[in-house]
Chemist: 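Below is the structure I would like to discuss, written out as structure tokens.
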Amino acid sequence: MPGKTRHDGGMAWTVLAAVCLWTAVSTASLAGDEEEIAPATRALLQTFADEFVKIEPGTGKFPATFRMGSDAGDASEGPAREVRMSASFWIAKYEVPQNLYEAVMGNNPSRWKGARNSVELMTHAEAVRFCEKITTLLHRAELLAKDEIVRLPSEAEWEYCCRAGTTTTYSFGDAAQQEGDVDPKAKLLDKYAWHTGNAAGNDPPVGALAPNPWGLYDMHGYLWEFCADDWVATYEGAPHDTSARTVENSTRKVIRGGSWKDRYPLLRSAARKSIGLDGRDDAVGFRCVRAAATE
């Protein structure tokens with residue numbers, strides 16, 4: 001906390017210092033409005049670009065199709081269906097960290113502060129705006145092909161990447177608890193995920209635990225993640241490809257993955273929930289996809 005303001009010109013100096021600080025932060029964080037990208041912002045953009053994992057459905061370890069959802073879980077997870085992956089894309093290893101979000105958006109709304117902690121407390125629309133702004137910056141920095149964009153994943157893309165070629169309840173197996181665990185403890189899950197059995201907040205940086213088989217971190221737990229899809233409380237009529245589901249006049253969006261606030265069943269690969277368009281939560285963040293732009 002700053003000390004008491006002096007009366008011998010100290011107030012003027014305090015105001016001047018604040019203006020200078022705001023100008024410096026604005027220059028670095030709102031680089032998208034300038035011809036030149038500030039070096040600190042460029043470094044964050046480079047790190048972000050380097051942390052994407054290429055997903056190539058139909059090639060090697062990446063299946064061309066997968067079974068999405070579950071007929072044994074919550075009603076919103078069914079009916080399970082076969083989904084054909086539409087095209088290759090890239091997905092971020094990590095949820096968007098706070099230092100990158102602040103550099104792009106000019107603010108950090110998060111409750112649980114930490115440069116490499118996942119950003120939280122933004123709305124779905126703000127997450128979409130981040131994707132739009134960082135696309136512009138990456139194009140300017142020549143770190144993204146002109147025919148590519150950064151966006152939120154569709155729900156199908158998200159679950160495909162969470163499962164990482166597996167058909168089990170979690171990407172590491174069917175069980176979260178080992179013998180002797182008392183709810184909410186889930187020691188088999190602890191290696192991979194922050195949940196109510198091993199976390200008291202969003203304190204750790206992204207990627208502190210083990211990744212799934214495709215090298216993606218925090219797909220189970222840590223924070224719920226925004227998807228592009230509008231919420232529908234069943235998969236009846238859902239697309240059988242990777243397109244995001246849209247509903248006229250929808251007031252809710254899909255979130256996936258579970259969080260540090262949730263018990264282990266909500267961290268299953270098939271688990272899903274919704275959040276209002278204006279919803280903000282310190283247990284909701286997002287990760288990005290890099291893909292070809294579409295009309």
Chemist: Quick check: is I55 connected to F66 through a chain of hydrophobic side chains (ILVMFWY, heavy atoms under 4.5 Å apart)?
Modeler: yes

Chemist: How would you list, by chain and number, every residue that makes a ring pair (Phe, Tyr, Trp, His ring centres under 6.0 Å) with W90, sequence neighbours excluded?
Modeler: none

Chemist: Indicate yes or no: does E132 engage R129 in a salt bridge with an N to O separation below 4.0 Å.
Modeler: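 Answer for the salt bridge query: yes.
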
Chemist: Is E56 salt-bridged to K61, going by a charged N under 4.0 Å from an acidic O?
Modeler: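 No, this pair does not count.
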
Chemist: Within the 4.5 Å heavy-atom criterion, are Q98 and R116 side-chain neighbours or not?
Modeler: no

Chemist: Look up atom CG in D278 and atom CD in E126, then write down how far apart they are to the nearest 0.5 Å.
Modeler: 9.0 Å

Chemist: With a 4.0 Å cut-off, would you call D230 and R252 a salt bridge?
Modeler: no

Chemist: Could you tell me the separation between the CG atom of L121 and the OG atom of S110, rounded to the nearest 0.5 Å?
Modeler: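 Answer for the CG-OG pair, L121 versus S110, is 6.5 Å.
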
Chemist: Taking only Lys NZ, Arg NE, NH1 and NH2, and the carboxylate oxygens of Asp or Glu, determine whether D281 and K261 approach each other closer than 4.0 Å.
Modeler: yes

Chemist: Grouping I, L, V, M, F, W and Y whenever their side-chain heavy atoms are under 4.5 Å apart, do F172 and V53 come out in a common cluster?
Modeler: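 No; V53 is not reachable from F172 via cluster members.
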
Chemist: Within the structure provided, determine whether F286 and V119 are in side-chain contact (heavy-atom separation under 4.5 Å).
Modeler: yes

Chemist: Test M219 against S171 for side chain to side chain contact (heavy atoms under 4.5 Å, CB included), laying out the working first.
Modeler: CA-CA 9 Å; M219 297 296 288; S171 63; over 6 Å; no

Chemist: Can you spot which of R245, K253, R272 makes a side chain to side chain donor-acceptor pair (under 3.5 Å) with E155?
Modeler: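 For E155, the side chain to side chain donor-acceptor pair (under 3.5 Å) test succeeds with only one of R245, K253, R272, which is R272.
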
Chemist: Under a single-linkage definition using a 4.5 Å side-chain heavy-atom cutoff for Ile, Leu, Val, Met, Phe, Trp and Tyr, are M122 and L44 assigned to the same hydrophobic cluster?
Modeler: yes

Chemist: Sequence neighbours left out, what passes side-chain hydrogen bond (donor to acceptor under 3.5 Å, both in side chains) with E82? Give chain and number order.
Modeler: T65

Chemist: Determine, stepwise, if the pair D50 / T47 fulfils side chain to side chain donor-acceptor pair (under 3.5 Å).
Modeler: CA-CA 5 Å; D50 290 343; T47 297; 5.8 Å; no

Chemist: C288 versus L152: any side-chain heavy-atom pair under 4.5 Å?
Modeler: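 In short, these two side chains do not touch, never coming nearer than 4.5 Å.
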
Chemist: Mind checking salt bridge (charged side-chain N to carboxylate O under 4.0 Å, His left out) for E159 and listing every partner two or more places apart, or none if nothing turns up?
Modeler: R163, R256

Chemist: Regarding E36 and R42, does a basic nitrogen lie under 4.0 Å from an acidic carboxylate oxygen?
Modeler: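 Result for this pair is no, no salt bridge flagged.
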
Chemist: Can you establish whether the number of heavy atoms outside K113 located under 6.0 Å from its atom NZ is more than 12?
Modeler: yes

Chemist: Where do W158 and C227 come nearest, in terms of heavy atoms and distance?
Modeler: CB-SG, 3.9 Å

Chemist: If you count every heavy atom of other residues, nucleotides or ligands that lies below 6.0 Å from D147 atom CG, does the total exceed 12?
Modeler: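 Check passes, neighbour count above 12.
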
Chemist: Using side-chain hydrogen bond (donor to acceptor under 3.5 Å, both in side chains) as the criterion, list what pairs up with S70, not counting sequence neighbours.
Modeler: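 Partners of S70 by the side-chain hydrogen bond (donor to acceptor under 3.5 Å, both in side chains) criterion come out as none, since no residue qualifies.
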
Chemist: When rounded to the nearest 0.5 angstrom, what distance separates NZ in K187 from CD in Q178?
Modeler: 5.5 Å

Chemist: Spell out, as yes or no, whether a donor-acceptor pair under 3.5 Å connects the side chain of D190 to the backbone of A176.
Modeler: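 The answer is no, because no donor-acceptor pair under 3.5 Å joins these two groups.
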
Chemist: Within a strict 4.5 Å, meaning less than it, do heavy atoms of the D174 and T168 side chains meet?
Modeler: yes

Chemist: Name the one of Y94, Y192, W194 that satisfies ring-ring contact (aromatic ring centres under 6.0 Å, His included) with Y217?
Modeler: Y94

Chemist: Working to the nearest 0.5 angstrom, can you tell me the gap between S76 OG and K273 NZ?
Modeler: 10.5 Å

Chemist: Are F130 and L45 connected, step by step, through hydrophobic side chains (Ile, Leu, Val, Met, Phe, Trp, Tyr) whose heavy atoms are closer than 4.5 Å?
Modeler: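 Per the 4.5 Å side-chain linkage, F130 and L45 are co-clustered.
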
Chemist: Suppose clustering is done on Ile, Leu, Val, Met, Phe, Trp and Tyr with side-chain heavy atoms closer than 4.5 Å. Which residues sit in the same group as V232?
Modeler: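 Members other than V232 - counting any ILVMFWY side chain reachable under 4.5 Å - are V247.
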
Chemist: If you take the centroid of each ring, where Trp contributes its six-membered ring, are H195 and Y264 closer together than 6.0 Å?
Modeler: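 No; H195 has its ring centre 6.0 Å or more from that of Y264.
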
Chemist: Quick one, L223 with V284, criterion side chain to side chain contact (heavy atoms under 4.5 Å, CB included). Give me CA distance, side-chain angles, the key distance, then yes/no.
Modeler: CA-CA 5 Å; L223 298 185; V284 178; 5.9 Å; no

Chemist: Taking salt bridge (charged side-chain N to carboxylate O under 4.0 Å, His left out) as the test, write out the residues that go with E120, two or more places apart.
Modeler: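 Listed in chain order: nothing, the list is empty.
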
Chemist: Under a 4.0 Å threshold between the charged nitrogen and the carboxylate oxygen, would K93 count as salt-bridged to E51?
Modeler: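 Between K93 and E51 there is no salt bridge, as every charged N stays at least 4.0 Å from the carboxylate O atoms.
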
Chemist: Is there a side-chain contact between I255 and E225 in this structure, where contact means two heavy atoms from C-beta onward sitting under 4.5 Å apart?
Modeler: no

Chemist: With the threshold set at 4.0 Å, does a side-chain nitrogen-carboxylate oxygen contact exist between R263 and D183?
Modeler: yes

Chemist: Taking C-beta and beyond as the side chain, do Y160 and V83 meet within less than 4.5 Å on heavy atoms?
Modeler: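 Sidechains of V83 and Y160: no contact.
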
Chemist: Determine, using ring centers only, whether W260 and W112 are less than 6.0 Å apart.
Modeler: yes

Chemist: Could you see if V289 belongs to whatever hydrophobic cluster contains F52? Use Ile, Leu, Val, Met, Phe, Trp, Tyr and a side-chain cutoff under 4.5 Å.
Modeler: no

Chemist: Quick check: closest heavy atoms across P57 and M85, and the distance to 0.1 Å?
Modeler: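 Looks like CB-CB, 3.4 Å.
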
